[in-house]
Each structure stands twice: as C-alpha cells, then as structure tokens.
2 protein chains.
Amino acid sequence: MKRKYDKAFENVIRLQVMSILMANERFDFNGFKEMMEVSDGNLSTHLRTLEKLEYIAVEKSFVGRKPQTNYWATTKGRLAFQEHLNYLENLIKEHKS
Amino acid sequence: MKRKYDKAFENVIRLQVMSILMANERFDFNGFKEMMEVSDGNLSTHLRTLEKLEYIAVEKSFVGRKPQTNYWATTKGRLAFQEHLNYLENLIKEHKS
DNA sequence: TAATTTTACTTTGTATTTCAAAGTACTTTA
DNA sequence: TAAAGTACTTTGAAATACAAAGTAAAATTA
C-alpha cells in the first residue's frame, strides 16, 4: 500500500472534487457547484489545476443548446488520490493506536 | 463525533507538527527539524502560525547555556486537530464502502 | 584570547496560490 | 429587442509559502 502526500489535495475544493470523481464516473461543472459552496471562478480554477496535473480530464459539449463541461478522474489522478488517502489513513491510524 | 475541515492543517508541515504534538507532550524546535525535512525559516513560520491560532503554545528556556524553544498542543489545538482527522477519516471511509 | 564557526532560531522578500469580482459569449424570458 | 440568466473563464488584489539572509549567543579553533 503506497502512501504519498500530494500537495494537489491540500485544498478542500480539490479534495472534494476528486472525492466526487472517485465515486462518480462523470460529473459536470454545475453538479460540483451544487455539491459545494464555492464561487464559479474559484471552482473553475481548481478544476483547471487538477486538469493541468492530468488528474482529471474534461469534455465540453452541448446539452440542448447549453454548454456543458464534464469531468472525470484519470487513472493517474485516481492513483495519486488513493496514495494520498493512504498517507492520511496512516496518520489517523497512528492517533488511534 | 464532530467533523470539521480546518485550513490550518492544509499544510504538511503543520499537519506533521500537530501530529507529533498529539503523541508527545512536549517537543522542541530542533526535534521538529530532525523529524521533518524543512528549512529553519519555514518551520519557524509554521510554528508561529499554529501559535497565533492558539493550537500550540510555546515556552522559551535555556538548557545548559543554550536557548531551547519548547512547544505543546493546547486543548483547543487538540480538539481542532481531532475534528479535522474525523473529517478526513470520514472521507476515506466513503471510498472504502 | 581573538577570530571563526556553529547553534537556535527569526525576519525578510520573492514567488506562488487563492478566490471573489468582473468579464465573455451565448440563451432565455419579458 | 432589451434585460436577465446560464455556464463558465480571466483578472487582480490579498494571503500564504519558503529559502535566504539576518541575529545573538555559544562553542570551537588557531
């Protein structure tokens, strides 16, 4: 079980985004907005940060006549997140024993 | 079991400091330095941040003829940290079930 | 014993990050 | 067709991070 602290997940928004994308195959911008208390601009920049790291991928399309931006977690992202959770899990475990 | 995400613990150094102070009644500046890979200045500022939040307290004294700065976790700090760990624990649990 | 180095930190300044407000490019409603 | 809404992106000021430089005393070396 590999453990690795990842700075990318030091922010709650990015932590939550990744958490949601682990449980949901795909999620769109508005979906995130509803799940979290976050301004549009803030959400957008954090999504872009994760995208630049290739932890998530994006697809833009139109639903009806409205734009929709969909996100999903990449394998790289899933691995990194899991390793980060392993780090945290271990840290927590130390405080239980 | 109260859960609460705390920005104060978004940084690894502060996370580790707090973790060490949960397990050890007291710890000094050099002790932290040995435990972590961190520059003196960096460590100093993070300790001060935790101090300003009243999550840790400080006592300066001399051991022999050398100055020694000792730190310990306050009740407020212990509570905040525990609640933060609870938040993380819950997040991790969601990914196991 | 004077000069140099080390110790135990703190302060400073630059770089990076954060996030709300403003902006964009439409679509929908009145 | 004007005004309001939607689905984002960009911008800029403020906060944060951290290495380098600074400080003050102690220990070592010459």
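A note on names: the letters A, B, ... follow the listed sequences, proteins ahead of strands, and every chain is numbered from 1.
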For a 4.5 angstrom cut-off between non-hydrogen side-chain atoms, does L43(A) reach K33(A)? yes

Atom CG of N11(A) and atom C1' of dT16(C): how far apart are they, to the nearest Å? 14 Å

Starting at CZ of R65(A) and ending at P of dT28(C), how long is that distance when rounded to a whole Å? 6 Å

Would you grab the first and last nucleotide of DNA chain D (5' to 3') that comes under 4.0 Å of any non-hydrogen atom in chain B? dA17(D) to dA27(D)

Phosphate OP1/OP2 of dT17(C): any K7(B) side-chain N/O under 4.0 Å: no

Could you tell me the separation between the CG atom of D40(B) and the C1' atom of dT12(C), rounded to a whole number of Å? 15 Å

Quick one: label T45(B) by what it contacts on the DNA or RNA (base, sugar-phosphate, nothing), any heavy atom closer than 4.0 Å. base

Y55(B) vs F9(B) aromatic rings, parallel, tilted or perpendicular, using cut-offs 30° and 60°? parallel

Is a side-chain donor or acceptor of T74(B) paired with a backbone partner of E54(B) at a separation under 3.5 angstrom? yes

Should N42(A) be listed as having a side-chain N or O under 4.0 Å from OP1 or OP2 of dA21(C)? no

Please compare E10(A) and S44(A) by the position of their nearest nucleotide in DNA chain D and report the one closer to 5'. S44(A)

Between P on dT11(C) and CD on E51(B), what's the gap in Å once rounded to a whole number? 11 Å

K33(B) atom NZ is separated from dC9(C) atom C1', nearest whole Å, by 8 Å

D28(B) CG to dT7(C) C1', in whole Å, measures 12 Å

Using 30° and 60° as the class limits, which term best fits the ring planes of Y87(A) and Y5(A): parallel, tilted or perpendicular? perpendicular

Positive for side chain to side chain donor-acceptor pair (under 3.5 Å) with H46(B), one of Q16(B), R14(B), E51(B): R14(B)

Whole Å only: how far is the CG atom of L43(A) from the C1' atom of dA20(C)? 13 Å

Quick one: list whatever passes side-chain contact (heavy atoms from CB on, under 4.5 Å) with E89(B), sequence neighbours left out. I92(A), K96(A), M1(B), N86(B)

Closest nucleotide of DNA chain C for G41(A) versus for T69(B): which of these residues is on the 5' side? T69(B)

Measure the spacing between CG of N42(B) and CG of L47(B) and express it to the nearest 0.5 Å. 9.5 Å

Atom CG of L15(A) to atom P of dT18(C): distance rounded to whole Å? 13 Å

Let me spell it out: for each of P67(A) and H46(A), pick the nucleotide of DNA chain C with the closest heavy atom. Which residue's pick is nearer the 5' end? H46(A)

Ignoring the backbone of Q68(B), work out which of dA20(C), dT18(C), dC9(C) is nearest its side chain. dC9(C)

